Amino acid sequence: MVHLAKIPTDKDLTAPLVDGLEKVKFGDVADDDTTVSVYGSRFAAEDLPKYEMPEWEMPKDVAYRMIKDDLTLDGTPTLNLASFVTTYMEEEAEKLMIECFSKNFIDYEEYPVSADIQNRCVSMIARLFNIPSHDENTNAMGTSTVGSSEAIMLGVLAMKKRWQQKRKAEGKPTDRPNIVMNSAVQVCWEKAARYFDVEEKYVYCTADRYVIDPKEAVDLVDENTIGICAILGTTYTGEYEDIKAINDLLVERNMDTPIHVDAASGGFVVPFINPGLLWDFRLEKVVSINVSGHKYGLVYPGVGWVVWRDPKYLPKELIFNINYLGADQASFTLNFSRGASQIIGQYYQMIRLGKHGYRSIMLNLTRTADYLAANLEQLGFIIMSKRGGNGLPLVACRIDPSKGKVYDEFAIAHQLRERGWVVPAYTMAPHSEGLKMMRVVVREDFTRSRCDALIADFKLACQTLDAMDEKKVKEHQDHSKHMRHRATRTGRHHRINNHFSDEKHSLQGKTGKTHAVC
Ligand SMILES: *Cc1c(COP(=O)(O)O)cnc(C)c1O
């Protein structure tokens, strides 16, 4: 039931507010009509307010329904195979998280248990990453963040400050810090470098190597290098970079350059699937690690974590102490207020599933990824990702160029999109940008039967495209481009503005690298 009695029409809104409030006519809507349905109301006949906050209230059920309807044009999260971000949690977890919606995590004094739960998570994660020695009574050095991006910003800041301190102590200039990383880094590394004035030194991918070359990375290090970024599970192919090789080269050459491991996706996979792989604090040069709680940590967005090997790697200037219940809780995040729900959700997952539970899930995902890879290979695709748990549970593939297809990966992505699947196509990182690829991320809720449905649609997509000649494929691509433009014009994919659409500073702006969705 919607009660519309007090809702004025647009023309009433021009009535003077202060001295004429009572003169506002409630004209067009029947005063006593309590039976008007959502879709019978005038709101259903109008566009939702988009630019200016409306002057008047609308009934809550109308607002709910209208926004919900608007959102149905979004993709379906479970069919979105582009993203690593969690789309399923148990009801009990959801219930707990909803109950904590109103808690501001930073209010340590009011919510000391939430603060303590964060510390428990930090401790569990640090141990999962084999932190060298830990005293039962001290908290491992680390914090929750909004995601890996914030965690990486903190890791970069800590490395930069430490480098500056060392340089100052040596009486050397500190104005030209740089960081060494793979050109296939996630965009947040470009941001961190840019925002904090650190020069980016890239190790470029090649046509057949999509991970960092350890020797090239270490060769790039100079006296101004604050650290090396190594990725445990790149966003393009899900491969694990050879962190041990980088570590060993640094040790061999007696260099004290720190390594920060970006384990955004791999941090909650490798410890369960591949515990023998040396990538974490077991390697002496690894000083900090980030992981996204909202990827394979199995929590809804957004939560991330960063941990340091030892408090000495986190310069004191970055730490602010906030007193709660007589004890100090260190705070070193970029953001102040944030919801406590995600942190609680992470704690739930870790104690509910335990290591055994995570292992069972990650094993299933790995098997599903291998099954999908085998099937796509049979369809003639070249598989670019690793199998058997030697990379993230995802499948990255491309069309075999020797097959002389007249269509590309973007055309297949478009075909799949028409069947509801979001399977993205990308252009690889610079120096290998001739390469196009597609990527399917296998998440917890991507079951074997859903995988079979996807394989069937892949087959169908290829058959449809195989039946088209070059001209037809081109028409088809123009059509999909046109549809995308139309969607933009009708506001479905409305850009906030176009002022910055031609930026030239990022790898994307400079080289056309399209960033893999995370
Ligand atoms: C997802 C991802 C990031 C960014 O993490 P968010 O949690 O989305 O902020 C950084 N690095 C890698 C390798 C990623 O996969």
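If you're wondering where the values come from, they're calculated on a predicted model, not measured in any experiment.
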### Message
Between Phe410 and Tyr407, is the ring centroid distance below 6.0 Å?
### Response
no

### Ring centre gap for Phe458 and Phe381 strictly below 6.0 Å
yes

Provide the closest heavy-atom pair for [X] versus [Y] in the form atom of the first, atom of the second, distance.
X	Y	result
Ile399	Asp408	CD1-C, 3.6 Å
Ile259	Ala230	CG2-CB, 4.1 Å
Ile382	Pro401	CD1-CD, 3.8 Å
Tyr108	Ser331	OH-CB, 4.1 Å
Trp163	Thr174	CZ3-O, 3.4 Å
Trp305	Gln346	NE1-OE1, 3.0 Å

### Query
Should Glu199 and Arg176 count as an ion pair when the cut-off is N to O under 4.0 Å?
yes

### Message
For a side-chain hydrogen bond (donor to acceptor under 3.5 Å, both in side chains) check, start with the C-alpha distance between Thr225 and Asp222, then their side-chain angles and the critical distance, and finish with the verdict.
### Response
CA-CA 5 Å; Thr225 301; Asp222 61 26; 3.2 Å; yes

Would the distance check show the side chain of [X] and the main-chain N or O of [Y] forming a donor-acceptor pair, the cut-off being under 3.5 Å?
X	Y	answer
Arg209	Val211	yes
Lys295	Thr86	no
Asn182	Val185	no
Arg309	Val286	yes
Tyr240	Gly233	no
Arg417	Val422	no
Gln118	Ser144	yes
His294	Val303	yes
Glu241	Leu232	no
Arg387	Ala369	no

## Note on the structure
dist Leu334:CG -> Phe336:CZ (nearest 0.5 Å) comes out at 13.5 Å

Classify the side-chain pair [X]/[Y] by whether it contains a donor and acceptor separated by less than 3.5 Å.
X	Y	value
Tyr300	Glu94	yes
Asn178	Glu200	no
Glu444	Tyr296	no
Asp400	Ser402	yes
Tyr313	Arg162	no
Gln165	Glu317	yes

Could you tell me how the ring of [X] sits relative to the ring of [Y]: parallel (under 30°), tilted (30 to 60°) or perpendicular (over 60°)?
X	Y	value
Tyr358	Phe272	parallel
Tyr202	Tyr204	tilted
Phe332	Trp308	perpendicular

### Query
Run the side-chain contact (heavy atoms from CB on, under 4.5 Å) check on Arg282 and Phe129 step by step: do they pass?
CA-CA 8 Å; Arg282 285 168 291 178; Phe129 298 167; over 6 Å; no

### Task
Verify salt bridge (charged side-chain N to carboxylate O under 4.0 Å, His left out) between Arg443 and Asp445, making sure each step is shown before the conclusion.
CA-CA 6 Å; Arg443 280 194 316 267; Asp445 51 353; 3.6 Å; yes

### Query
Does the pair Arg352 and Glu90 meet the rule for a salt bridge (charged side-chain N to carboxylate O under 4.0 Å, His left out), with working shown?
CA-CA 10 Å; Arg352 144 80 173 131; Glu90 289 171 338; 2.7 Å; yes

### Message
As a quick check of understanding, evaluate side-chain contact (heavy atoms from CB on, under 4.5 Å) for Thr78 and Arg450, giving each step before the final call.
### Response
CA-CA 10 Å; Thr78 47; Arg450 196 168 283 160; 3.6 Å; yes

### Task
Could you give me the CA-CA distance, side-chain angles and deciding distance for Asp107 and Lys103, then say whether salt bridge (charged side-chain N to carboxylate O under 4.0 Å, His left out) is met?
CA-CA 8 Å; Asp107 282 348; Lys103 287 191 185 175; over 6 Å; no

### Message
Around atom CZ of Arg253, are there more than 12 heavy atoms from other residues, nucleotides or ligands closer than 6.0 Å?
### Response
yes

### Message
Can you confirm whether Lys244 is buried at NZ, in the sense that more than 12 heavy atoms of other residues, nucleotides or ligands lie under 6.0 Å from that atom?
### Response
no

### Message
Determine whether Asp256 and Lys166 satisfy the following criterion, salt bridge (charged side-chain N to carboxylate O under 4.0 Å, His left out), listing intermediate values before the conclusion.
### Response
CA-CA 11 Å; Asp256 64 352; Lys166 203 180 86 192; 3.4 Å; yes

### Query
Under the side-chain hydrogen bond (donor to acceptor under 3.5 Å, both in side chains) criterion, do Tyr347 and Arg120 qualify, and how do the steps go?
CA-CA 8 Å; Tyr347 186 57; Arg120 294 177 215 170; 3.1 Å; yes

### Summary
side-chain hydrogen bond (donor to acceptor under 3.5 Å, both in side chains) test vs Asp262 passes for just one of Thr234, Thr235, Asn290, namely Asn290

### Query
Run the side-chain contact (heavy atoms from CB on, under 4.5 Å) check on Lys355 and Leu128 step by step: do they pass?
CA-CA 9 Å; Lys355 290 177 184 161; Leu128 195 63; 4.3 Å; yes

### Task
Using the ring of Tyr371 (Phe, Tyr or Trp, six-membered ring only), decide whether Arg448 places NZ or CZ under 6.0 Å from its centre and within 45 degrees of its axis.
yes

